Engineer: 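This structure is in structure tokens; I'll ask about it shortly.
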Amino acid sequence: MTRLNQIADVYYQPLPDLLFEAQRLHREHHDPREVQLCTLSSIKTGLCPEDCAYCSQSVHNQTGLTPQPLTSVETVLVEARAAKASGSTRFCMGAAWREVKDGPLFEQVLEMVQGVAALELEVCCTLGMLKPHQAERLKAAGLTAYNHNLDTSPAYYPQVITTRTYQDRLETIRAVSDAGISVCCGGILGMGESVQDRLDLLEVLLGLNPPPESIPINCWVPVAGTPLEGTPPVEPVELVRIIATARILFPAAMVRLSAGRLQMSDELQTLCFLAGANSIFSGPRLLTTANPERSRDEQLLGRLGMKARANR
Ligand code: SAM
Ligand code: DTB
Ligand code: SF4
């Protein structure tokens, strides 16, 4: 049997069996009562030259977004302190860049990384493509993890992005792991892809060496003015199945229920936690779109007898 058949066999099990297996592995590696809270900050917003069909920040999409140049170090550190005070243990900075360019802007990001690391928060960046020497500098500045998503399967990818290749992404991920930085790599569901595309993405992730320690599962957040406008949302049980399958394939990883929670019911999010998701973005904004209010998340976790993971 090929590995892909095995992944499909996991995914298509009767849901009770799939959830039982996911929970068994989840409990072996994690405390099932805890979720990690992460805060996102958009440090450079909009005017991105890439043509990602899902994104509010691409110059190719008429989304009405107000662009913002690189934020000051002090502003970001104020946000990071507030994130820590509100219970986040990971702070993720995102820039609408195709790639990192050496120079003053990169130096400013390195200062941000140093400043956030000094607050004893996990520090994550997502800045587009990276070269090995840039990954090494981020590592030296104290970066914990670098987020660079493969987004979808190799086959569906060209329907979504044409300005950089799957191979480009794999090379950035290589540079990140070679520098000793933890890889955060996942994808987006709900872009019109098939279940097979989602399983193919999981297969590529499984083939990474080392496998990612952090797997964000985003549901596409609808953005008017993008080519994906009008795409139907992910079928809820399919989302739960993907999370459980990711938990089984990557038992030690953080499986993050990332973008798209505002569009989910409390019950669906609960099922995702039971399937092995153990991290959420906290606070009312993602990068450019809305996320549930903190109070709603606190209330939900409280009702479930779950709690935010303390700083380690
Ligand atoms: N520009 C950098 C890059 O793409 O590598 C970093 C920022 S980019 C916004 C980070 C990730 O956010 C993308 O790879 C994509 O997976 C996710 N993303 C962007 N827009 C989204 C949306 N509308 N819904 C869900 N996920 C989205
Ligand atoms: C990831 O996988 N999800 C986050 C983070 N990595 C950078 C981004 C979600 C962005 C959602 C759309 C927006 O707010 O612009
Ligand atoms: Fe640019 Fe990243 Fe948005 Fe693609 S996902 S358009 S690279 S900001």
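Here the structure is a predicted model, which is why all the values come from computation and not from measurement. Throughout, numbering of the chain's residues begins at 1 and tracks the sequence. Each ligand, and each atom within it, is numbered from 1 in the order the structure gives.
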Engineer: Going by the order shown, which atoms of ligand 2 are within less than 4.0 Å of some heavy atom of Thr288?
Structural biologist: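 The list of qualifying atoms is 13 (C), 14 (O), 15 (O).
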Engineer: Flag yes if Met129 and Val176 sit in one hydrophobic cluster, no otherwise; membership is Ile, Leu, Val, Met, Phe, Trp, Tyr, and two members link when side-chain heavy atoms are under 4.5 Å apart.
Structural biologist: no
Engineer: Which residue supplies the protein heavy atom nearest to atom 12 (C) of ligand 2, what is that atom called, and how far is it?
Structural biologist: Thr289 OG1, 3.6 Å
Engineer: Who gets closest to atom 3 (C) of ligand 1 by heavy atom: Met191, Met129, Arg164?
Structural biologist: Arg164
Engineer: Could you check atom 1 (Fe) of ligand 3 against the protein and tell me its nearest heavy-atom contact, residue, atom and distance included?
Structural biologist: Cys48 SG, 2.2 Å
Engineer: Closer than 2.8 Å to atom 3 (Fe) of ligand 3: does that hold for any N, O or S atom in Cys55?
Structural biologist: yes
Engineer: Heavy-atom distances under 4.0 Å decide this one: backbone, side chain, both or neither, for Thr126 against ligand 2?
Structural biologist: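 Side chain only.
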Engineer: Hey, does the side chain of His60 reach the backbone of Pro49 with a donor-acceptor pair shorter than 3.5 angstrom?
Structural biologist: yes
Engineer: Considering only heavy atoms of Pro216, which atoms of ligand 2 have at least one such atom less than 4.0 Å away?
Structural biologist: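 So the answer, numbered in order with elements, is 2 (O).
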Engineer: So for Cys48, does at least one of its heavy atoms come nearer than 4.0 angstrom to any atom of ligand 1?
Structural biologist: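 Not so, Cys48 does not reach ligand 1.
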Engineer: If you measure from each heavy atom of Ala95 to ligand 1, is any distance below 4.0 Å?
Structural biologist: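 It does, in that a heavy atom of Ala95 comes within the 4.0 Å cut-off of ligand 1.
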Engineer: What part of Leu40 sits under 4.0 Å from ligand 2 if we count only heavy atoms: the side chain, the backbone, both or neither?
Structural biologist: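 It is the side chain that gets close, since no backbone atom is under 4.0 Å.
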Engineer: For Tyr12, look at atom OH and say whether over 12 heavy atoms of other residues, nucleotides or ligands are found less than 6.0 Å away.
Structural biologist: yes
Engineer: Between Glu21 and Arg24 (salt bridge meaning N to carboxylate O under 4.0 Å), is one present in this structure?
Structural biologist: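 Looking at Arg24 together with Glu21, the answer is yes, because their closest N to O distance falls below 4.0 Å.
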Engineer: Hey, does Cys219 sit under 4.0 Å from ligand 1 if you only count heavy atoms?
Structural biologist: yes
Engineer: Looking at His148, which atoms of ligand 1 are within less than 4.0 Å of one of its heavy atoms?
Structural biologist: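 Those of ligand 1 that fall under 4.0 Å from His148 are 5 (O).
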Engineer: Indicate if Val113 and Leu40 have the same hydrophobic cluster label, given that clusters are the connected sets of ILVMFWY residues with side-chain heavy-atom separations under 4.5 angstrom.
Structural biologist: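 Cluster IDs for Val113 and Leu40 differ.
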Engineer: For Phe281, counting its heavy atoms only, list the atoms of ligand 2 lying under 4.0 Å from any of them.
Structural biologist: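 Listed by number with element, the hits are 3 (N), 4 (C), 5 (C).
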Engineer: Can you tell me the protein heavy atom closest to atom 22 (C) of ligand 1 and the distance?
Structural biologist: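 Here the closest protein heavy atom is Trp220 CD1, 3.6 Å.
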Engineer: Looking only at protein heavy atoms, which one is nearest to atom 27 (C) of ligand 1, and how far off is it?
Structural biologist: Ile188 CD1, 3.7 Å
Engineer: Which residue and non-hydrogen atom of the protein lie closest to atom 2 (Fe) of ligand 3, and at what distance in Å?
Structural biologist: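 Ranked first by proximity to atom 2 (Fe) of ligand 3 is Arg164 NH2, 4.2 Å.
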Engineer: Specify the protein heavy atom at minimum distance from atom 14 (O) of ligand 1: its residue, its atom name, and the distance to 0.1 Å.
Structural biologist: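 Looking at atom 14 (O) of ligand 1, the protein heavy atom closest to it is Asp151 OD1, 3.3 Å.
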Engineer: Would one find more than 12 heavy atoms of other residues, nucleotides or ligands at under 6.0 Å from atom CZ of Arg285?
Structural biologist: yes
Engineer: Do the charged groups of Arg81 and Glu74 touch, with an N to O distance under 4.0 Å?
Structural biologist: yes
Engineer: Would you find a donor on one side and an acceptor on the other, under 3.5 Å apart, between the side chain of Asn149 and the backbone of Cys185?
Structural biologist: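 Here the side-chain-to-backbone pair does not exist.
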Engineer: What residue and heavy atom of the protein are closest to atom 3 (N) of ligand 2, and at what distance?
Structural biologist: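 Result: Asn218 OD1, 2.9 Å.
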Engineer: Does a side-chain N-to-carboxylate-O contact under 4.0 Å join Arg137 and Asp102?
Structural biologist: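 Answer for the salt bridge query: no.
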Engineer: Is there a continuous path of hydrophobic side-chain contacts, each under 4.5 Å between heavy atoms, that joins Leu189 to Phe281?
Structural biologist: no
Engineer: Angle class for the His148/Tyr146 ring planes (parallel below 30°, perpendicular above 60°, tilted otherwise)?
Structural biologist: tilted
Engineer: Hey, are the side chains of Asn278 and Met254 touching, using non-hydrogen atoms and a 4.5 Å cut-off?
Structural biologist: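 When only atoms from C-beta onward are counted, Met254 and Asn278 do touch, with a gap below 4.5 Å.
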Engineer: Taking Asn218 for its side chain and Gly187 for its backbone only, find out whether a donor-acceptor pair lies under 3.5 Å.
Structural biologist: yes
Engineer: Does Arg309 come within less than 4.0 Å of Asp31, counting only side-chain N to carboxylate O?
Structural biologist: no
Engineer: In terms of residue, atom name and distance, what is the protein heavy atom nearest to atom 24 (N) of ligand 1?
Structural biologist: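 Nearest protein contact, heavy atoms only, for atom 24 (N) of ligand 1 is Val221 N, 3.0 Å.
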Engineer: Please report which non-hydrogen protein atom sits nearest to atom 4 (Fe) of ligand 3, along with the residue it belongs to and the distance in Å to one decimal place.
Structural biologist: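 So the nearest neighbour among protein heavy atoms is Cys52 SG, 2.3 Å.
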Engineer: Under a 3.5 Å distance rule, please check whether Lys44 uses its side chain to pair with a backbone N or O of Ala96 as donor and acceptor.
Structural biologist: yes
Engineer: Starting from atom 21 (C) of ligand 1, locate the nearest protein heavy atom and write down its residue, its atom name and how far away it is, to 0.1 Å.
Structural biologist: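 Of every protein heavy atom, Tyr54 CD1, 3.8 Å lies nearest to atom 21 (C) of ligand 1.
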Engineer: Are Thr245 and Gln13 packed together at the side-chain level, in the sense that at least one heavy-atom pair is separated by less than 4.5 angstrom?
Structural biologist: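 SC-SC contact between Thr245 and Gln13 ruled out.
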Engineer: Would you mind checking which non-hydrogen protein atom is closest to atom 11 (C) of ligand 1, with the distance to 0.1 Å?
Structural biologist: Asn149 ND2, 3.8 Å
Engineer: Are more than 12 heavy atoms, taken from residues, nucleotides or ligands other than Arg296, located less than 6.0 Å from that residue's CZ atom?
Structural biologist: yes
Engineer: Number the atoms of ligand 1 from 1 as they appear, then name those within less than 4.0 Å of a heavy atom of Leu287, with their elements.
Structural biologist: 9 (C)
Engineer: Give a yes or no on whether a salt bridge exists between Arg198 and Glu238, defined as a side-chain N under 4.0 angstrom from a carboxylate O.
Structural biologist: yes
Engineer: Quick check for you: to the nearest 0.5 Å, what is the distance between Trp220 atom CH2 and Asp151 atom CG?
Structural biologist: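 Reported to 0.5 Å precision, the distance equals 13.0 Å.
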Engineer: Where is the nearest protein heavy atom to atom 6 (N) of ligand 2: which residue, which atom, and how far?
Structural biologist: Asn147 OD1, 3.0 Å
Engineer: Distance to 0.1 Å, residue and atom name: give those for the protein heavy atom nearest to atom 10 (C) of ligand 1.
Structural biologist: Thr126 OG1, 4.0 Å
Engineer: Just jot down the ligand 1 atoms closer than 4.0 angstrom to any heavy atom of Ala259, in number order.
Structural biologist: 25 (C)
Engineer: May I ask you to test the Leu65-Val223 pair for a side-chain heavy-atom distance under 4.5 Å?
Structural biologist: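 Side-chain contact under 4.5 Å: no.
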Engineer: Purely on distance, is any nitrogen or oxygen of Asn149 under 3.5 Å from one on ligand 2?
Structural biologist: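 Yes; the residue has a nitrogen or oxygen that sits under 3.5 Å from a nitrogen or oxygen of the ligand.
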Engineer: Quick one: nearest non-hydrogen protein atom to atom 10 (C) of ligand 2, plus distance?
Structural biologist: Leu287 CD1, 4.1 Å
Engineer: Can His60 be said to touch ligand 3, with heavy atoms closer than 4.0 Å?
Structural biologist: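 Under 4.0 Å: no for His60.
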Engineer: Could you tell me whether Glu50 approaches ligand 1 through its side chain, its backbone, both or neither, with non-hydrogen atoms closer than 4.0 Å?
Structural biologist: neither
Engineer: Within ligand 3, which atoms have a heavy atom of Ala96 less than 4.0 Å away?
Structural biologist: 8 (S)
Engineer: Does an N or O from Gln57, backbone or side chain, lie closer than 3.5 Å to an N or O of ligand 2?
Structural biologist: no
Engineer: Please indicate whether any nitrogen or oxygen in Leu286 is less than 3.5 Å from any nitrogen or oxygen in ligand 2.
Structural biologist: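 No.
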Engineer: Mark up the atoms of ligand 1 that fall under 4.0 Å of a heavy atom belonging to Trp97, in ascending order.
Structural biologist: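 Those of ligand 1 that fall under 4.0 Å from Trp97 are 1 (N), 2 (C).
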Engineer: Short check: is a protein heavy atom less than 4.0 Å from atom 8 (S) of ligand 1?
Structural biologist: no
Engineer: With heavy-atom distances below 4.0 Å as the criterion, list the atoms of ligand 1 near Gly128.
Structural biologist: 2 (C), 5 (O)
